Amino acid sequence: MIDPRILRTEPSTLEESLRRRGIDLDVTSLVALDERRRVERMRAEEIRAEQKNVGKSVSKLQGDERQAAIARAGELSTAYKEALAAADASDAEFNEIWVALPNLVDETAADGTEEEDAETLRVWGEPGEGDFLDHVELGEKHGFLDIERAAKVSGSRFGFLLGPLVRLEFALVNYALDRLEPHGFTPVVPPVLVRDHALYGTGFFPGDADQVYSLPADDLYLVGTSEVSLAAMHADEILDQDSLPLRYAGFSTCFRRESGTYGKDTRGIFRVHQFDKVEMFAFVHPDTAQDEHDFLLAREEELVQGLGIPYRVMNIAAGDLGSSAAKKYDIEAWFPGQGRYREITSTSNTTDFQSRRLKIRFRGDEGNQLVYTLNGTAIAMGRWLISIVENYQQPDGSIVVPEALRPYVGFDTIG
RNA sequence: GGAGAGGUGGCCGAGCGGUCGAAGGCGCUCGCCUGCUAAGCGAGUAGGGGGUUAAAGCUCCCUCGAGGGUUCAAAUCCCUCCCUCUCCGCCA
């Protein structure tokens, strides 16, 4: 959620941000609505103040005077209820619009509204030459991936990972944690079932509610990323400034409905309903948020480079940002089976968008301030496994294990 | 699943219809004192929102788990829900 005060101080900034996201919204009428709700709130509070004053005098008065005061307070009580209802209605009207607004876009986010509008910041490594099998073919050859049986059990967009692929997954998790913990990331296994406030707080509700699995019998939701649980972990807290930056590396299974993606990335486990992920999450002082964003990106590049996988870094276009992000960098790895670069990590600076809703503050020099939150993928399973087996396949069809992972998996080649 | 206890400010903990946004303690901040990594003394110290202000400040409203209700008036009474803890049962 954006600070509503921007409507009074610099509505043009909001207008510009919405324009860059390609959202058509009448800011002028929002300013008027904000004005109206404050006037109505003020009116209600004035009546309430008088009611309280009269009410307080009751206990000191006797006889007729007392009766008159009670009667007067009764009138004011009624008037207050009406005024309050009016103010609440205006607030509700305003909030419905306001909570749906995406975060203010950082001025350095790339222009445009499409995925293709992302700006390429740098390219690392060289895609290999020659004919490549894709991960599904490799999976069949080596027996480490079973999509068909997964469909029998669970439908489309699921997979059974088997044998060496499972070893690779756990190796990747340990590889990531070993490289993040020295940087102050506390490993966390968070809840993956959360209440709706965690999803509102992180900006997935109301906008992306159709992407989230829900368990209506228990009013719980399955997270699409541990970002949700990690962000909400410190909700309603006032942190010590000395504790910042507060960094976590959350490992969790992620669940995504992938609604509206019919026919897109249907092959293999590139886009599935369930995968495991190590996610970085940071609570920081506002002044260090930009640096932290670069820091998270550096951690991601370190992890990808450590595996020797070719990639490029993208500055995502304003109109392609998620609702909570002010700026986002994606790392796209080279996928030989697809012959192109595809997203394998994503790191966002969500500024105070999540902390405002979740009420996460710190005791600062100028009183309590909202922290800034940032998130970034460390390792995301399906895609990282694919990029490894595809990039490391040999002419004879075998797969070499990246050197950095060998201490963890216990073998050097698959097949 | 059954039985009970409880949710108050950064923490602990009183209050159980008006004088309570809330005693007391701890912690923290500032000042004083003290010749020593301590003690003592004084002051301050919840959050959110509105109005006014250059700012400081002043002022009003809301918040004692959440949401409703009763009442002129609720932390205090009633209802619903959530959460925590203890015991029993079941169980990875």
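Values below: all heavy atoms of this structure, side chains included; hydrogens, waters and symmetry mates excluded. Predicted model only: the values in this text are computed from it and were never measured. Convention: sequence-line order gives letters A, B, ...; per-chain numbering from 1.
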Can you tell which of [options] lies closest to the side chain of [X]?
{"X": "V58(A)", "options": "G51(B), G18(B), A73(B)", "value": "G18(B)"}
{"X": "R5(A)", "options": "G50(B), C83(B), C62(B)", "value": "G50(B)"}
{"X": "M42(A)", "options": "G48(B), G50(B), C62(B)", "value": "G50(B)"}
{"X": "S77(A)", "options": "G50(B), C83(B), C72(B)", "value": "C72(B)"}
{"X": "R66(A)", "options": "G50(B), A73(B), G18(B)", "value": "G18(B)"}

With a 3.5 angstrom cut-off on both distances, give the Watson-Crick or G-U wobble partner of [N], or none if there isn't one.
{"N": "G17(B)", "answer": "none"}
{"N": "G10(B)", "answer": "C26(B)"}
{"N": "C85(B)", "answer": "G4(B)"}
{"N": "U52(B)", "answer": "G57(B)"}
{"N": "G35(B)", "answer": "none"}
{"N": "A66(B)", "answer": "U80(B)"}

Quote, to the nearest angstrom, the [atom1] distance that separates [N] from [M].
{"N": "U86(B)", "M": "G68(B)", "atom1": "P", "result": "32 Å"}
{"N": "G9(B)", "M": "U45(B)", "atom1": "C1'", "result": "10 Å"}
{"N": "G25(B)", "M": "C41(B)", "atom1": "P", "result": "11 Å"}
{"N": "C77(B)", "M": "A14(B)", "atom1": "P", "result": "16 Å"}
{"N": "G89(B)", "M": "G2(B)", "atom1": "C1'", "result": "8 Å"}
{"N": "C62(B)", "M": "U19(B)", "atom1": "P", "result": "13 Å"}
{"N": "U8(B)", "M": "C64(B)", "atom1": "C1'", "result": "4 Å"}
{"N": "C20(B)", "M": "C60(B)", "atom1": "P", "result": "16 Å"}

Without decimals, in angstroms, what is the distance between [X] [atom1] and [N] [atom2]?
{"X": "K359(A)", "N": "G48(B)", "atom1": "NZ", "atom2": "P", "answer": "10 Å"}
{"X": "Q51(A)", "N": "C72(B)", "atom1": "CD", "atom2": "P", "answer": "10 Å"}
{"X": "D352(A)", "N": "G48(B)", "atom1": "CG", "atom2": "C1'", "answer": "16 Å"}
{"X": "K56(A)", "N": "A74(B)", "atom1": "NZ", "atom2": "C1'", "answer": "14 Å"}
{"X": "L358(A)", "N": "G48(B)", "atom1": "CG", "atom2": "P", "answer": "15 Å"}
{"X": "D88(A)", "N": "C61(B)", "atom1": "CG", "atom2": "P", "answer": "16 Å"}
{"X": "R8(A)", "N": "G51(B)", "atom1": "CZ", "atom2": "C1'", "answer": "11 Å"}
{"X": "E40(A)", "N": "C62(B)", "atom1": "CD", "atom2": "C1'", "answer": "17 Å"}

5'-most by nearest nucleotide on RNA chain B - E46(A) or A69(A):
E46(A)
Could you check K52(A) against R361(A) and say which one's nearest nucleotide on RNA chain B is further toward the 5' end?
R361(A)
Got [X] and [Y] here, is their nearest side-chain heavy-atom distance under 4.5 Å?
{"X": "D196(A)", "Y": "Y221(A)", "value": "yes"}
{"X": "Y175(A)", "Y": "L303(A)", "value": "yes"}
{"X": "E332(A)", "Y": "Y311(A)", "value": "no"}

Let me know which of E181(A), E292(A), H183(A) forms a side-chain hydrogen bond (donor to acceptor under 3.5 Å, both in side chains) with R247(A).
E292(A)
Within the 4.0 Å heavy-atom criterion, would you say R72(A) contacts the bases, only the backbone, or no part of the nucleic acid?
nothing
Can we call the ring centroids of F283(A) and H234(A) under 6.0 Å apart?
yes
Between the base of G49(B) and the side chain of E45(A), is one N or O donor paired with an acceptor at under 3.5 angstrom?
yes
Examine C82(B): is either OP1 or OP2 under 4.0 Å from a nitrogen or oxygen in the side chain of R195(A)? Give yes or no.
no
Are R48(A) and A73(B) close enough that a side-chain N or O sits under 4.0 Å from OP1 or OP2?
no
Sidechain N-carboxylate O distance under 4.0 Å for E16(A), R19(A):
yes
Between the side chains of Q354(A) and T373(A), is a donor N or O closer than 3.5 angstrom to an acceptor N or O?
yes
